[in-house]
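This report concerns only the one structure given below.
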Amino acid sequence: MNSVILLRDLAKDYQSVEGITVPALQNITLAVQQGEFAVIVGPSGCGKSTLLRIIAGLDRQTTGEAKVSGKEVSRPISDVGIVFQDPLLMAWRTTIGNVMLPVEILRLDRSRYRSRALDLLKLVGLAGFENRYPQELSGGMQQRVAIARALIHDPSLLLMDEPFGALDEITREQMALVLLHVWEETGKTVLFVTHSIAEAVFLGDRVVVLSPRPGTVRENTAVDLPRPRTGQIRGLQKYTEYCQIIRERLGLIA
Amino acid sequence: MRAIRRRQLFIIAEIVLLGLIAGLPTATLSVEKVKLKTDFSPVGYHTVFYAAVGRGIYQRHGLDVDIIPGNGSYTAVLDIAGEKVDFGFADTGSLVVGALNANIRNVKIVSMIFEVTPYTVLYLKNKGITKPQDLKGKTMADFQGSGTSKLINVFARVNGVDLSSNNVLISSPSTFLNPLIVGQADYAATTVNRLPNLIGPARQSGNDLAEFRFADYGVDIFGASIITNVKTIERRADVVKRFIQATLESVQWTAQNPDQAVDYFLQFNPQIKKAQALIDLNTMLDTSVPRGKAPGNPLFLGWTDATKMKKTIDMVREAYQLRQSIDPATLYTNDYVGKP
Amino acid sequence: MLGSRNLAGYTPAVLVFIVLVAAWEILAPVLGIPDIILPVPTHIGAALLDPGVNWPRHIGITAFEIAAGFASAVVFGIALAVGIVISPWLRRLLMPYVLLAQIIPKIAFAPIFFLVLGYNLLPTIVITFLVAFFPMIVDTAAGLSSLDPRMEDLLRSLQASRWDILRKARFPKSMPFIFSGLKVSSTLAVIGASVAEFISAKAGLGFLIINAQVTFNASLAFAAAIYLILLGIVFYAAIDVAQRLAMPWDKGTRIS
């Protein structure tokens, strides 16, 4: 099996301020295959972000197993690219400066990776914007830079925590297409977190539905829609059916 | 019956008359509110004023005196020039500087108090100093804006020594004598009341403190005096006369009864220790009010001598290197004091 | 601010100033305000340009004290801020003393500095430093701690060291805070140097003010105070220019 991510019976507890143990995640078992585009969808507070942080090695589970690329996750792994809802670009760096950040941290050869950076910018549709400052870019453009930055060091895994959550609907749909284009070109494994049912179905090979806190897996279904996904997909009957299944699992259909 | 009633009537009439007569002086004298600004925050030698208030001397002369502490003699001179207070108690030298350097013409001395300057040079005997000439090449302790540091150059000239190239350690007015106590400095110019308290601490640091009084070494100029605005003299000469008379009476009494007088001072300034106040008062009286202990008519005090006034002006001029000169008579009046 | 369009915007302020000065000049003698208490502008102007006063020397000495005290406050303040942000242990150790140094009234204790350090410029610079360093520490620490935790996550996921995070993220992020601190600190440095000079100095603008006051030379005192104000403005303007040069990307969002 080529599981990039393997979670088995994972649970995470928090200590509240009063000292009470609060369970955030329970019985999380899931596997993400290499090259797969997996989506986690769930309501706010269900622990999706916590799950991403555990997979990235920024936090530790309380019980259960978490493996990335076959190895137990115990500390931050640099073989990961992360994109947050906030692009978190450094205002004092140009676009290409921001994309090159991981190269500097990882002490990689800057001259070699610079051309890769330019290629990535082209891939996300920002050719010619290398020397602009983040202040000069729109929210969607900034997020594209963030995606390029997440890919510069050629990680095997791309973790995305509601990356389009702050964008308007039209930009969201555009960004979805950009992301899918990048994914197809690079062949990365993607774990994408969202609270948008439409986005989950549109983007994913597989959708995992998490319950409200404590988050447990309510559904883990493959999405059998044609690739490459285009705007037309949204008009298909099957698309609507998948959305309804997820809606029902989220308890939105009485 | 009639005889008794008549007698009672007489007694009542006598009592009423006596009451009227007793109340008469205060009834005819209106109580004037008067502000006096001193040279510094309250210190023992201000006792003359506080005793005059506490003992009712001012009150008997129909004056309600508010004593306001100053922040240097020049602040008293400024307040008089600006008519903010009625009287000031300030070093005569400061008035001279104001007159010569800033054209202050509306301030006059109405009574001398410290007829002899209380300035003195404190020095360390153990640094090989026995006479003023030995001060050459030594280190002086001083504070910012002090008048004594300027006057000491006159002291130097009169005693034939050049102190202008000496090193000077400058500090704040409240702490500037510390370098002298510990021996970092060899001499300092200040007022006589500072010496007694410093002898002990200096000895602890292995230093032997002594003094050259300015007046004993050729710089016999005036000390502090009572000043007022010329407009006050014009419009309220009566108040000026009463204030001076009352103050000089208090100087006389204080000089003869320092211990009792200081108690009045402490009533108004309980934060000061009696021993300290007595030192500050007695040293100043001994040095600067030579006629204070003389029994008899107190109006013998307060006279401003013309020759000494000229000498004061000349020496202050020299000390501050001022170019203007002035007719001494414009700076004082003896109208409110008696001839010696 | 350096554009001609912006300079013209200050014309009303300049006009008001001219009117106020003229009114002062005319009204003061009319109202009977003595020159020794509040001198008229022409007298102050004469004092400002008085060749008998060695202005370059006095201004230079005070400027040196301010610059030296300010520079030490900046270096020490930033270094200390880095220390207390990176190391909670260091913060617990040092912050009580930092607070103590800030709260102690320097004016009251200034004579002790002179007694211990000597009657020269060193204690003056130390006092200036003590007065000016606190805002540098506080503002720099605030800036260094203002890193978005998710950016910290991102950097940690790349296995960045604490030093990397400091250099590449915290420090650049804190630049607006640091410049804000610099401006406050420079103002305090002017005050600190003046106060120290009031206690002990042989030259300088504070020295001039004290000696002018006791000799009733109000015009000189005011003139020295004006030069002191101008020094403060020069420092502030220099920092403002430096801020623009250091943060060319920062076109609008500035804290001060």
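Because the structure is predicted, anything quoted here is derived from the model rather than measured. Letters A, B, ... are given to chains in the order of the sequence lines, protein chains preceding strands, and every chain is numbered from 1. The figures here come from the full heavy-atom set of this structure, side chains too, leaving out hydrogens, waters and symmetry mates.
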**Asked** Under 30°, 30 to 60°, or over 60°: which ring-plane class applies to C/Phe235 and C/Phe70, parallel, tilted or perpendicular?
**Response** perpendicular
**Request:** Could you check if a side-chain atom of C/Ile127 sits within less than 4.5 angstrom of a side-chain atom of C/Ile107, using non-hydrogen atoms only?
**Result:** no
**Request:** Ignoring hydrogens and angles, tell me if any N or O in the side chain of C/Tyr236 forms a donor-acceptor pair with the backbone of C/Lys183 under 3.5 Å.
**Result:** no
**Request:** Mind jotting down which residue pairs meet the salt bridge (charged side-chain N to carboxylate O under 4.0 Å, His left out) criterion with at least one end in residues 20-34 of chain C? Sequence neighbours excluded, please.
**Result:** none
**Prompt:** By a 4.5 Å heavy-atom criterion (distance strictly below it), what part of C/Pro34 contacts chain B: side chain, backbone, both, or neither?
**Reply:** side chain
**Fill in**
When rounded to the nearest 0.5 Å, the distance separating CD1 of C/Ile66 from OG1 of C/Thr187 is 10.0 Å
Kindly provide each donor-acceptor pair between chain C and chain B shorter than 3.5 Å, listing atom names and distance.
unit_1: C/Leu115; atom_1: O; unit_2: B/Gln184; atom_2: NE2; d: 3.3
unit_1: C/Glu197; atom_1: O; unit_2: B/Gln144; atom_2: NE2; d: 2.3
unit_1: C/Ser200; atom_1: OG; unit_2: B/Ile170; atom_2: O; d: 2.4
unit_1: C/Lys202; atom_1: NZ; unit_2: B/Val168; atom_2: O; d: 2.9
unit_1: C/Thr215; atom_1: O; unit_2: B/Asn101; atom_2: ND2; d: 3.0

**Item:** Closest non-hydrogen atom pair, B/Ala81 against B/Ile104
**Value:** CB-CG2, 4.3 Å
**Asked** At a heavy-atom separation under 4.5 Å, does C/Ala110 approach chain B through its side chain, its backbone, both, or neither?
**Response** neither
**Prompt:** Quick one: does C/Trp55's side chain have a donor or acceptor within less than 3.5 Å of a partner on C/Ala47's backbone?
**Reply:** yes
**Gap separating the CG atom of C/Leu205 from the CG atom of C/Leu228, nearest 0.5 angstrom** = 5.5 Å
**Complete:** If one checks every heavy atom of B/Leu100 against chain C at 4.5 Å, the contacting part turns out to be neither
**Request:** With a 4.5 angstrom heavy-atom cut-off, could you sort out which part of C/Phe207 is near chain B: side chain, backbone, both or neither?
**Result:** both
